[in-house]
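Just passing along the structure, written as structure tokens.
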Amino acid sequence: MSKLDELKSHLRKGNIYKRDELQKWSSSIDRHLSELTGDGILKKVGPGLYHFPKKNAFGFEPPADQLLIKKFLDNDNFLITSFNAFNALGVGTTQLYNKQIVYNHLRSGDIRLGNKLFTFKKKSAFPPKPTREFLVVDLINNLEYLAEDQPKILEKTLEKAMSLDKHSLGHAIEKYGTPRTRKLLATA
């Protein structure tokens, strides 16, 4: 069995691999990766990341965002969100944004993974899943980046904050709010 065939035998459809992971099965990893991507067996989906796609009736399945980011960061301590989540609060945000934000503890900046551009933001704290209280705090944290009428959205968001659970909101403000957000929500 050639080294390339040995490497292929370790690949599983649907999985994402780091270059370093594959190196243990190859003595010429860069040449083998070049051959595998050239043959369409592996797809390069990020810096040092390769996907062995599954095929379905519509073509090749892209990797799931959650798996892609987990492999990229080498951990699962992150939150994928979008400004689109603010629309669920009912505060007048209606824009649709083609940008996903990844709150994490390791990276910052825009990084293309697969066919998507993710904005990584290094944060000291974020919840495992977004709550309404977190979304209110996050909206005010990011108000300047929204395309809507910002004073009007802020007014409605502060009204919305008054209707939320005070204890949960206080926790979210303390843990996730910027100093400006804390000051604005102090009255709520």
Side-chain angles (χ1 to χ4, degrees), residues 7-25 29 33 36-37 39-91 93-143 145-147 164 168-169 171-172 175-178 181:
L7 176 59
K8 282 184 191 177
S9 73
H10 292 283
L11 300 176
R12 301 289 171 258
K13 288 191 184 251
N15 284 359
I16 300 169
Y17 300 94
K18 283 196 154 191
R19 179 189 178 280
D20 297 343
E21 286 177 82
L22 299 173
Q23 196 164 5
K24 61 186 166 194
W25 298 304
I29 190 63
L33 286 172
L36 291 170
T37 55
D39 292 343
I41 295 169
L42 289 180
K43 304 275 186 210
K44 186 166 184 171
V45 292
L49 292 177
Y50 296 87
H51 179 234
F52 187 15
K54 287 182 182 178
K55 192 168 186 169
N56 63 25
F58 303 106
F60 291 106
E61 294 179 15
D65 294 346
Q66 197 78 14
L67 294 174
L68 191 58
I69 292 169
K70 180 178 180 177
K71 186 60 86 166
F72 177 71
L73 292 174
D74 264 337
N75 71 52
D76 55 2
N77 193 6
F78 58 88
L79 172 67
I80 303 173
T81 188
S82 166
F83 292 161
N84 297 337
F86 302 148
N87 296 348
L89 291 172
V91 294
T93 57
T94 57
Q95 289 287 325
L96 293 177
Y97 296 88
N98 192 21
K99 181 180 190 177
Q100 291 195 354
I101 299 166
V102 180
Y103 292 134
N104 70 97
H105 300 300
L106 304 171
R107 302 285 217 142
S108 290
D110 291 338
I111 299 172
R112 184 165 294 284
L113 298 174
N115 293 329
K116 296 181 183 175
L117 185 65
F118 294 92
T119 299
F120 285 77
K121 291 188 176 189
K122 206 186 298 188
K123 293 280 187 180
S124 61
F126 46 85
K129 293 188 177 190
T131 62
R132 289 181 308 157
E133 292 80 9
F134 169 77
L135 288 174
V136 164
V137 171
D138 199 42
L139 186 153
I140 296 174
N141 285 346
N142 292 291
L143 188 62
Y145 303 112
L146 299 180
L164 298 175
S168 298
L169 180 62
H171 175 74
K175 200 158 186 179
Y176 314 122
T178 63
T181 301

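Owing to the predicted nature of the structure, the values given are computational and were not obtained by experimental measurement.
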- Of all the heavy-atom pairs spanning Ile16 and Pro63, show the shortest one and how long it is.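 Distance-wise, the nearest heavy atoms are CD1-CB, 3.6 Å.
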- Smallest separation among heavy atoms of Glu133 and Leu169, with atom names: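 Of all heavy-atom pairs spanning Glu133 and Leu169, the closest is CG-N, 3.6 Å.
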- Query: Of Leu135, Val136, Leu143, which is the lone residue that meets side-chain contact (heavy atoms from CB on, under 4.5 Å) with Leu139?
  - Reply: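 The residue from Leu135, Val136, Leu143 that satisfies side-chain contact (heavy atoms from CB on, under 4.5 Å) with Leu139 turns out to be Leu143.
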- With no hydrogens and no angle check, is any side-chain donor or acceptor of Asn87 less than 3.5 Å from a backbone partner on Gln95?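 Between the backbone of Gln95 and the side chain of Asn87 there is a qualifying donor-acceptor contact (under 3.5 Å).
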- Query: Which distance, rounded to the nearest 0.5 Å, do you find between the OG1 of Thr119 and the CG of Leu117?
  - Reply: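 Reported to 0.5 Å precision, the distance equals 5.5 Å.
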- Query: What are the two closest non-hydrogen atoms of Leu68 and Gly114, and how far apart are they?
  - Reply: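 Closest approach of Leu68 to Gly114, heavy atoms only: CD2-N, 4.0 Å.
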- Query: When you look at CG of Asn56, are more than 12 heavy atoms from neighbouring residues, nucleotides or ligands closer to it than 6.0 Å?
  - Reply: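 Yes - once you tally the heavy atoms of other residues, nucleotides and ligands closer than 6.0 Å, there are more than 12.
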- Examine the side chains of Asn142 and Lys121 and answer whether a donor and an acceptor come within less than 3.5 Å of each other.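 Looking only at side-chain atoms, Lys121 and Asn142 do form a donor-acceptor pair, the distance falling under 3.5 Å.
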- Task: Identify which one of Lys123, Gln66, His105, Arg107 satisfies the side-chain contact (heavy atoms from CB on, under 4.5 Å) criterion when paired with Phe78.
- Result: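 Among Lys123, Gln66, His105, Arg107, the one meeting side-chain contact (heavy atoms from CB on, under 4.5 Å) with Phe78 is Gln66.
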- Non-hydrogen side-chain atoms of Leu113 and Pro47 separated by less than 4.5 Å: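 SC-SC contact between Leu113 and Pro47 confirmed.
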- Non-hydrogen atoms of Lys71 and Lys18 that approach each other most closely: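 Looks like O-CE, 3.0 Å.
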- Message: Within this structure, what is the NZ-CD1 distance for the pair Lys8 and Ile41, rounded to the nearest 0.5 Å?
- Response: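 Reported value, rounded in 0.5 Å steps: 4.0 Å.
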- Task: List the steps, then state whether side-chain contact (heavy atoms from CB on, under 4.5 Å) holds for Phe118 with Asp65.
- Result: CA-CA 10 Å; Phe118 294 92; Asp65 294 346; 3.8 Å; yes
- Item | Nearest-0.5 Å distance, CG of residue Leu164 to CZ of residue Phe134 |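 Between atom CG of Leu164 and atom CZ of Phe134 there are 14.0 Å.
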- Query: Glu61 and side-chain contact (heavy atoms from CB on, under 4.5 Å): which partner among Lys55, Lys54, Lys13?
  - Reply: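 Considering Lys55, Lys54, Lys13, a side-chain contact (heavy atoms from CB on, under 4.5 Å) with Glu61 is found only for Lys54.
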- Backbone of Leu106 reached by a side-chain donor or acceptor of Asn104 within 3.5 Å: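 Present.
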- Message: Within this structure, what is the CG-CG distance for the pair Leu36 and Leu42, rounded to the nearest 0.5 Å?
- Response: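 Separation between the atoms: 5.0 Å.
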- Item | Sidechain-backbone polar pair: Tyr97 side chain, Ala147 backbone, donor-acceptor under 3.5 Å |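 Pair found, side chain donor or acceptor close to backbone of Ala147.
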- Interatomic distance, Ile29 atom CD1 to Glu21 atom CD [nearest 0.5 angstrom]: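 The CD1 atom of Ile29 sits 10.5 Å away from the CD atom of Glu21.
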- Residue pair Ile69 / Phe120, side-chain heavy-atom distance below 4.5 Å: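 The answer is yes; the side chains approach within 4.5 Å.
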- How far apart are the C-alpha atoms of Tyr50 and Asn15, what are their side-chain angles, what is the distance that settles it, and do they pass the side-chain contact (heavy atoms from CB on, under 4.5 Å) test? CA-CA 9 Å; Tyr50 296 87; Asn15 284 359; over 6 Å; no
- Query: How about Asn98: does its CG atom have over 12 heavy atoms from other parts shown lying under 6.0 Å from it?
  - Reply: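 It does not: Asn98 CG has 12 such atoms or fewer within range.
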- Do Tyr103 and Thr81 have side chains that get closer than 4.5 Å, going by heavy atoms?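 Contact flag for Tyr103/Thr81 side chains = yes.
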- Item | Residue among Leu49, Val45, Leu11 satisfying side-chain contact (heavy atoms from CB on, under 4.5 Å) with Tyr17 |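 The passing option is Leu11.
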- Query: Mind checking whether His10 and Trp25 have parallel, tilted or perpendicular rings, split at 30° and 60°?
  - Reply: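 Correct class here is parallel.
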- Message: Minimum heavy-atom separation for Gly14 and His51, please, with both atom names.
- Response: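 Closest heavy-atom pair between Gly14 and His51: O-NE2, 3.7 Å.
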- Item | Over all atoms of both residues, closest heavy-atom pair of Pro130 and Leu79 |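 For Pro130 and Leu79, the tightest heavy-atom pair comes out as CD-CD1, 3.6 Å.
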- Item | Ring geometry between Tyr176 and His171 (parallel below 30°, tilted from 30 to 60°, perpendicular above 60°) |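 Perpendicular, since the angle between the ring planes exceeds 60°.
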